Amino acid sequence: MSFTVAIVGRPNVGKSTLFNRLVGKKLALVDDTPGVTRDRRPGDARLMGLTFTIIDTAGLEEADAESLQGRMRAQTEAAIDEADLSLFVVDAKSGLTPVDTDLAEMLRRRGKPVVLVANKSEARGSDSGFYDAYTLGLGEPTPISAEHGQGMLDLRDAIVAAIGEDRAYPAKEDVAVTDVDIPQTEGEDSDADEEPVYDETKPLRVAIIGRPNAGKSTLINRFLGEDRLLTGPEAGITRDSISVEWDWRGRTIKMFDTAGMRRKAKVTEKLEKLSVADSLRSIRFAETVVIVFDATIPFEKQDLQIVDLVLREGRAAVLAFNKWDMIEDRQAVLADLREKTDRLLPQARGIRAVPISGQTGWGLDKLMQSIIDTDRVWNKRISTARLNRWLETQQIQHPPPAVSGRRIKLKYMTQVKARPPAFMISCTRSDALPESYTRYLINGLRADFDMPSVPIRIHFRSPDNPFEGKKRRT
């Protein structure tokens, strides 16, 4: 991207709506309640041929530095310092307030380019608020409607004038083609059944989920080495699912901080429902999911339901027992946690569980290694030849049951996909095979091919009977 733009303003002026308009997706939560956005959220914006990085921020308010609003203000000020240009959004419908005047003075002191944006200009009676914006001393306001997409051309022109055409439209360099991949032709040596090698360099998407106040945002801040995400003793601070990128031993990691997930019966407010829905989207988008437990009160019913949800979605899961610095008798507690993990999570046999402290950084390297190891298993592929030799051995050790006097025969097995590993077995009378035998095969796959913790799917298919439905000749 050529430059970075921060959207700033007081609460409820339409900053997140404008952010969603510019990125072309409904990434940021939008609600009539003031103060929905709390963390700063980056995105890739496109505006009529203009491409740049956009940052959505929390509404600026005067508050004590130690309060939640004060910490939100610090996050917004960090976004202003990071950006090359600020879009100062005011509400033309309701007019200016003393907070707008204070924010305008703060932006002037920063000495960076500012574009004054008068949002909600499509509303009746917005003319007075639009002309009042001139009194802020930040130049001519740009009238727009973020909700309806009006005024976007004028906004593009104002951004180009403020940042300069050289920054807005950087010259594209000619790229020389040096390497060309030549596909294999028939007759060349190839092994279609070769098991692929795990790519240690590919970027990895990781979602951090858990109950409210389990320490998810604190954990990510410790990974980054900075106060990138808003944290505090209050439960439920995080609302949007915020993604951050960083490098771990030369590998790009994209982590998603999510809102705390409470029991469904307790989620009654519309805003919390939107936050939980955003967290669920992050789980589906991620490859590996870290479920953060509070080590002082682990294995609540909601914790178990979250783990089950992740496994049903087919994601690779890792447990992180946070707040380990608050545990006194660590050996006894660790032994108890291991016993409860095996007993309460039988569907995740062999799942990796790591004690950590997001506050002090203890155990984070071990957690990251567990994430990498789990992702390697999640991407694992097994050759068809090995699977069929294994299937034959399994049937000898424990033959499939006979149903109505007829033995079920498992003929052929192959892996149809990875991420998570899924297998297809061709057999007779697949509808009569009991669930217990499926579990026997899954447990055998885990043990014999070293595939702990990840979901494993097995699908059974019976060949079509060409004589089915035809009358027998008498």
Side-chain angles (χ1 to χ4, degrees), residues 1-60 72 75-76 79-80 82-94 115-123 126 141-159 207 229-230 238-245 254 256-259 269-285:
M1 295 297 176
S2 53
F3 58 95
T4 303
V5 177
I7 305 177
V8 298
R10 61 181 172 86
N12 215 31
V13 295
K15 299 183 296 299
S16 294
T17 304
L18 178 58
F19 174 85
N20 288 341
R21 172 70 59 180
L22 293 177
V23 299
K25 302 176 184 177
K26 292 183 178 180
L27 296 181
L29 298 183
V30 177
D31 193 69
D32 293 335
T33 308
V36 172
T37 303
R38 288 176 172 175
D39 287 290
R40 60 185 193 268
R41 172 195 282 273
D44 298 333
R46 288 176 173 81
L47 181 60
M48 298 183 178
L50 202 61
T51 57
F52 52 94
T53 299
I54 193 76
I55 303 177
D56 187 23
T57 65
L60 283 166
M72 291 163 58
Q75 289 282 326
T76 301
I80 296 173
E82 177 186 344
D84 303 301
L85 168 72
S86 295
L87 296 183
F88 181 27
V89 183
V90 297
D91 189 338
K93 182 179 178 181
S94 61
V115 172
L116 182 59
V117 180
N119 192 26
K120 307 181 186 179
S121 294
E122 85 288 357
S126 62
T142 303
I144 70 165
S145 171
E147 184 173 359
H148 301 289
Q150 300 175 6
M152 293 297 108
L153 180 60
D154 294 335
L155 178 61
R156 191 274 309 270
D157 294 341
I159 292 175
L229 301 170
L230 196 62
T238 303
R239 285 175 173 167
D240 289 272
S241 293
I242 306 296
S243 64
V244 295
E245 287 190 9
K254 187 170 186 177
F256 295 84
D257 185 26
T258 62
E269 296 183 1
K270 175 187 174 184
L271 187 55
E272 188 173 0
K273 290 181 180 179
L274 293 174
S275 298
V276 173
D278 205 22
S279 300
L280 295 176
R281 281 193 294 269
S282 297
I283 293 174
R284 298 185 185 103
F285 184 73

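Starting from 1, each residue takes its place in the sequence as its number. Model, not experiment: these values are computed from the prediction.
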Which atom pair, heavy atoms only, marks the closest approach of [X] to [Y]?
X    : Y    : value
G151 : I144 : O-CG2, 3.6 Å
K15  : I7   : CB-CG2, 3.7 Å
T51  : F3   : O-CE2, 4.2 Å
L50  : R156 : CD2-CG, 4.1 Å
S121 : A92  : OG-CB, 3.9 Å
A79  : R40  : CB-CD, 3.7 Å

Any sub-3.5 Å donor-acceptor pair from [X]'s side-chain atoms to [Y]'s backbone N or O?
X    : Y    : result
R21  : A146 : yes
R10  : V90  : no
R41  : S243 : no
T76  : A58  : yes
N119 : V13  : yes
N20  : A28  : yes

Q: Run through L27, L229, D56 and flag the one making a side-chain contact (heavy atoms from CB on, under 4.5 Å) with I242.
A: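 Of L27, L229, D56, side-chain contact (heavy atoms from CB on, under 4.5 Å) with I242 is met by L229 alone.
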
To the nearest 0.5 Å, tell me how far [X] [atom1] sits from [Y] [atom2].
X    : Y    : atom1 : atom2 : result
F19  : K25  : CZ    : NZ    : 10.0 Å
E122 : H148 : CD    : NE2   : 4.5 Å
S86  : L116 : OG    : CG    : 11.5 Å
D44  : T53  : CG    : OG1   : 5.5 Å
L47  : M152 : CG    : CE    : 7.0 Å
L22  : I159 : CG    : CD1   : 7.0 Å

(Q) Under the criterion side chain to side chain contact (heavy atoms under 4.5 Å, CB included), I'd like the reasoning laid out for D257 against V244: C-alpha separation, chi angles, the key distance, then a yes or no. (A) CA-CA 8 Å; D257 185 26; V244 295; over 6 Å; no

(Q) I'd like to know whether D278 forms a side chain to side chain contact (heavy atoms under 4.5 Å, CB included) with R281, so could you lay out the CA-CA distance, the side-chain angles of the two residues, the decisive distance to 0.1 Å, and finally the verdict. (A) CA-CA 5 Å; D278 205 22; R281 281 193 294 269; 3.1 Å; yes

Q. Taking the inter-plane angle between the rings of F285 and F256 on a 0 to 90° scale, is it parallel (under 30°), tilted (30 to 60°) or perpendicular (over 60°)?
A.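 Rings of F285 and F256: perpendicular, over 60°.
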
Q: Evaluate the criterion side chain to side chain contact (heavy atoms under 4.5 Å, CB included) for residue pair L87 and L155; output intermediate values, then yes/no.
A: CA-CA 10 Å; L87 296 183; L155 178 61; 4.2 Å; yes

